[in-house]
Structure formats: structure tokens, C-alpha cells
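Note: hydrogens, waters and symmetry copies are ignored here, and every other heavy atom, side chains too, is used. The chain is numbered in sequence order, starting from 1.
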Amino acid sequence: MSLNRTFFVLLLSLVSSFQLLALQPKSDTLSYGSPALLKIDSARLFAGIDSIITQALDSAAFPGCQLLLAKEGKIFYYQSFGYHTYDNIQKVRNSDLYDLASITKITATTLALMKLYEAGKLDLDQTLGFYFPFLAKSNKSDLTVRKVLAHQSRLKNWIPYYSESQRKNGKYKRKTISTDSSAHYPNRIPGSDLFLHKDFRKDKIYKMIKKSDLYENEEYVYSGLAFYLFPELIERLSDTSYEQFLNGKFYTPLGAQSLGFDPLRKFSLNQIVPSEVDTFFRMNKLHGVVHDEGAAVMLGVSGNAGLFSNAYDLAKVYQMLLNGGTYGDFQYLRPETITEFTKCQYCEFENRRGLGFDKPLIQYDSIKTSVAKSASPNSYGHSGYTGTLVWADPDNQLLFIFLANRVYPTRNNRKIYQLNIRPRIHDLVYDLIEEQKE
């Protein structure tokens with residue numbers, strides 16, 4: 001073989017090797033692996049999950065769900081069950097999108113605040129009065145961002161913005177909501193035939209938050225009020241829109257294509273699982289639009305709710321956090337930022353919460369928890385009112401994602417809690433992991 005021929009063969013071999021490497025997932029990205037690869041008993045895992053989910057479906061805890069489990073960056077279980085609704089027409093697929101509800105608080109708002117914090121643009125111990133001038137002379141002026149994010153600030157748990165806009169006779173107050181569109185009421189409330197006044201956010205939502213009372217004692221009370229305000233702060237500190245900031249800094253580079261607000265801009269209805277049949281505000285089947293009423297009057301893009309995703313794209317965000325802020329050889333956040341936000345902030349006051357993130361109960365209670373008893377104290381995540389849950393455990397390098405529409409057709413269905421569906425599956429996984437350590 002001539003020298004030129006030899007060189008060509010070597011070059012071709014090198015090119016082929018690089019092409020093969022390019023096809024392989026990056027070392028810190030999610031990839032697929034069997035439970036056996038992680039020394040987890042496959043037969044018991046599959047049988048246990050099937051038993052729990054079958055009970056849930058037979059009991060009508062929800063019409064269908066998605067479940068994703070990953071350990072050490074390996075997805076060892078990813079399956080969908082049931083149907084979009086109880087008519088059993090459309091099966092749930094792994095690619096289908098669910099309304100994440102309050103998982104939005106950590107996957108959008110908190111994530112953006114983490115980025116601004118490590119850029120030196122956000123001081124966690126600065127006050128709401130400093131960041132929001134309209135609150136400077138209110139009872140909320142001295143509440144710190146840290147206490148607000150940890151739900152230790154005395155803020156009221158919620159305000160029913162939609163019903164506060166109605167008179168006793170059921171008619172809507174001036175400059176709130178209308179049944180007709182006009183120059184003053186240009187924005188249709190997602191999933192309804194109602195229209196929002198152009199100044200509703202600042203004239204109504206912000207004023208209701210400003211005027212709201214504080215709880216007397218400083219103790220843990222879950223509150224979403226400040227999450228209506230944070231998107232505007234994120235926009236001011238980043239000099240870009242809330243959505244653009246999240247897409248540019250996280251979702252797009254992560255390749256999380258299904259993760260975002262207002263999914264009908266990119267996906268068809270049959271790719272999105274419906275949530276509730278609303279019989280008290282929007283009077284409609286909520287399909288492809290945000291379930292949460294507060295986020296609805298924020299027109300679907302909010303800090304408290306509004307994100308949609310499938311389990312796989314959501315997993316990319318939390319694998320990045322488990323990786324210490326990297327994914328695909330790109331640094332999204334610093335490890336110390338993740339540690340600061342995910343550690344328990346006020347444990348000495350019996351408050352388990354991190355900054356935005358939920359944490360395991362300080363004293364385990366099988367009735368009150370949504371996660372496994374064995375979830376480590378360093379683990380974190382959040383649940384969503386629609387039936388969703390994401391939980392990341394850095395000590396065990398375990399990721400648990402459960403997506404469901406337990407609110408279909410009504411939010412009064414609480415069987416997902418009564419049957420302890422999510423913690424039972426989570427417990428099963430931890431039990432099998434513990435067995436392989438023995």
C-alpha cells in the first residue's frame with residue numbers, strides 16, 4: 001500500500017471515529033440504560049410499578065401518566081400509562097405534554113433567579129421594597145427575597161384574583177374582566193370567552209398583593225404571591241423578556257423542546273394532555289392552556305404556573321442540576337449556586353424549604369409527603385397541583401419524574417394522595433437501590 005493510500009485510510013478511520021463519538025451522548029447528558037446495568041432488579045421494578053399504576057388507573061386517580069426514572073444520568077425507566085381522558089380514546093405517549101403547574105416555580109422562576117444571583121444581579125437578602133418600588137411603603141417593604149423564596153415571609157398563601165374581580169351579583173368589576181373584547185379588553189383569558197383589561201396586572205393583581213395582610217407569625221406558609229411579581233424583576237435585571245431569558249439561558253441550549261409556556265404555539269392539541277373541565281371560572285375544558293387561574297389572568301405566562309413539558313425534556317433541567325450545573329459540557333449554573341438554593345434555609349424554625357425548592361419533611365409523615373421516606377436530606381424538587389412531581393437526589397444521583405392530570409375532569413379528585421401513588425413508586429425505587437448496595 002502506498003504512503004498516500006495509507007494516510008488516506010488512517011484519515012478515514014479517524015473521521016469515522018469522530019463521527020461515532022459525535023453520535024454518542026455527552027458524558028454528562030442523559031442516556032438510556034437498563035435497570036440491570038445499575039444493578040436494580042428489573043422484574044421487581046416493572047412488576048411493582050405496574051401494580052401501583054394499575055391500582056391508580058382502576059381507581060380513577062387519573063386517566064393516565066408518564067413516569068421517568070434516572071440514576072447516574074442513565075434513564076432506566078421511562079413509560080407512559082393510560083389515556084388522555086377517561087374516554088379511553090387517546091393513549092398517553094412519552095412525547096405528550098402535561099401542565100406542570102407549580103413545578104413552574106422552580107423550573108422557570110427559581111432557575112432564572114439562580115442565574116441572576118450568580119451574575120451578581122440579585123441579592124437574596126435584599127428586600128421586596130428595594131426591588132419593587134410600589135411595595136416600598138407597604139407592609140411587605142422589609143420582606144427579604146430569601147424569606148419569600150423559602151416561604152418564611154408571612155405572605156398570604158394565595159389571592160383568588162378572578163373571584164376578587166366579581167361583584168356579589170356575579171358581574172365583573174370595572175377594569176377587570178369583560179365578556180366582550182375591545183381596545184380596553186384586548187386579551188382573551190386562555191381557555192375562556194372572557195377578556196382581560198389591558199391594565200389588569202398592575203392595577204389589580206399588583207394592588208391586591210400590595211394590600212394583602214400578612215400572617216401574624218413568621219413561620220412556614222406556602223405562598224405563591226411573590227411568584228406573580230418575579231417575572232417582571234427577572235426582565236428588569238436581565239434586560240430581556242422572561243420567556244426569552246429562560247429559553248436563551250436554559251431550555252434551548254438544553255434541547256428541551258417541549259418545555260415552555262403556551263404550548264399551542266408549537267404543538268397540536270393531540271400532543272397535549274388536558275387538565276380540568278372548569279365549571280366555575282372559564283366554563284370550558286382546559287386543554288392546551290394553563291390550568292391555574294392565577295396564571296390564566298397572567299395570560300398563561302407566569303412565575304407561579306404555566307409551564308408544559310414531557311418528562312424527558314423536564315429531566316434535562318434536573319439532570320443538569322444533579323450534574324452540578326453542567327449538561328452537554330456546558331456550564332449553566334455553578335455548583336455553589338445550586339447548593340445555596342437547594343439547602344434547607346430555616347430548618348431551625350421547622351421549615352424544610354430551600355429557596356423555591358421543596359425538600360423532604362423534617363419529620364417524616366407518610367400522609368403528608370409526596371416523596372419516599374428514604375429521599376436524602378439533600379434532595380429537592382416540587383409537586384404540581386395537576387398531579388405532577390419532580391424530585392432530584394444528589395446523594396443517590398436519582399431523578400424521579402411523575403406527570404399526571406389528576407384534576408381531570410375535576411380537581412376534587414384526591415385519590416392520587418389517598419392512595420399515595422407517587423411516594424409508593426418512589427419508595428419502591430429506593431428499596432431496590434438499597435438492596436443492590438447490600
Check: residues 243-259 side-chain donor-acceptor pairs under 3.5 Å, at least two apart:
unit_1, atom_1, unit_2, atom_2, d
Glu243, OE2, Arg265, NH2, 2.6
Gln244, OE1, Thr240, OG1, 3.0
Gln244, OE1, Ser241, OG, 3.4
Asn247, ND2, Glu243, O, 3.2
Tyr251, OH, Thr107, O, 2.7
Thr252, OG1, Asn247, O, 3.2
Ser258, OG, Asn310, N, 3.2
Ser258, OG, Asn310, OD1, 3.4
Ser258, OG, Asn310, ND2, 3.3
Ser258, OG, Asp313, OD2, 2.7

Under 3.5 Å side-chain donor-acceptor pair for Gln319 and Asn323: yes
Donor on one side chain, acceptor on other, Ser268 and Gln271, under 3.5 Å: yes
Taken to the nearest 0.5 Å, the spacing of Asn187 CG from Leu299 CG works out to 5.0 Å
Tell me yes or no: between the side chains of Ser379 and Trp391, is some donor less than 3.5 Å from an acceptor? yes
Tell me if a side-chain donor or acceptor on Gln345 pairs with a main-chain N or O of Glu340 at a distance below 3.5 Å. yes
What I want to check is whether the side chains of Asn351 and Gln152 have a donor and an acceptor closer together than 3.5 Å. yes
What I want to check is whether the side chains of Asp395 and Asn378 have a donor and an acceptor closer together than 3.5 Å. yes
So if I apply the ring pair (Phe, Tyr, Trp, His ring centres under 6.0 Å) rule between Tyr161 and each of Tyr206, Phe200, Tyr228, which one comes out positive? Tyr228
Would you check if the side chain of Arg236 reaches a backbone N or O of Tyr131 as a donor-acceptor pair within less than 3.5 Å? yes
Should the ring pair Tyr222 and His382 be called parallel, tilted or perpendicular, given that the plane angle runs from 0 to 90° and is split at 30 and 60? tilted
When you check the side-chain N and O atoms of Gln66 and Tyr312, is any donor under 3.5 Å from an acceptor? no
Check: Ser238/Lys115 side-chain N/O donor and acceptor closer than 3.5 Å: no
I'd like to know if Asp193 and Arg188 make a salt bridge, using a cut-off of under 4.0 Å between side-chain N and carboxylate O. yes
Is the closest basic N to carboxylate O distance between Glu276 and Arg411 below 4.0 Å? yes
Ignoring hydrogens and geometry beyond distance, is a side-chain donor-acceptor pair present between Asn304 and Ser302 at under 3.5 Å? yes
Without hydrogens or angle criteria, can the side chains of Ser376 and Asp393 be said to hold a donor-acceptor pair below 3.5 Å? yes
Could you label the plane-to-plane angle of the Tyr117 and Phe341 rings as parallel, tilted or perpendicular, counting under 30° as parallel and over 60° as perpendicular? perpendicular
For Lys105 and Ser102, does a side-chain donor sit closer than 3.5 Å to a side-chain acceptor? yes
Does one side chain, of Ser178 or Asp180, offer a donor that lies under 3.5 Å from an acceptor on the other? no
Salt bridge between Asp358 and Arg353, side-chain N to carboxylate O under 4.0 Å? yes
Whether Glu336 and Arg334 form a salt bridge (side-chain N of Lys/Arg under 4.0 Å from carboxylate O of Asp/Glu) is what I want to check. yes
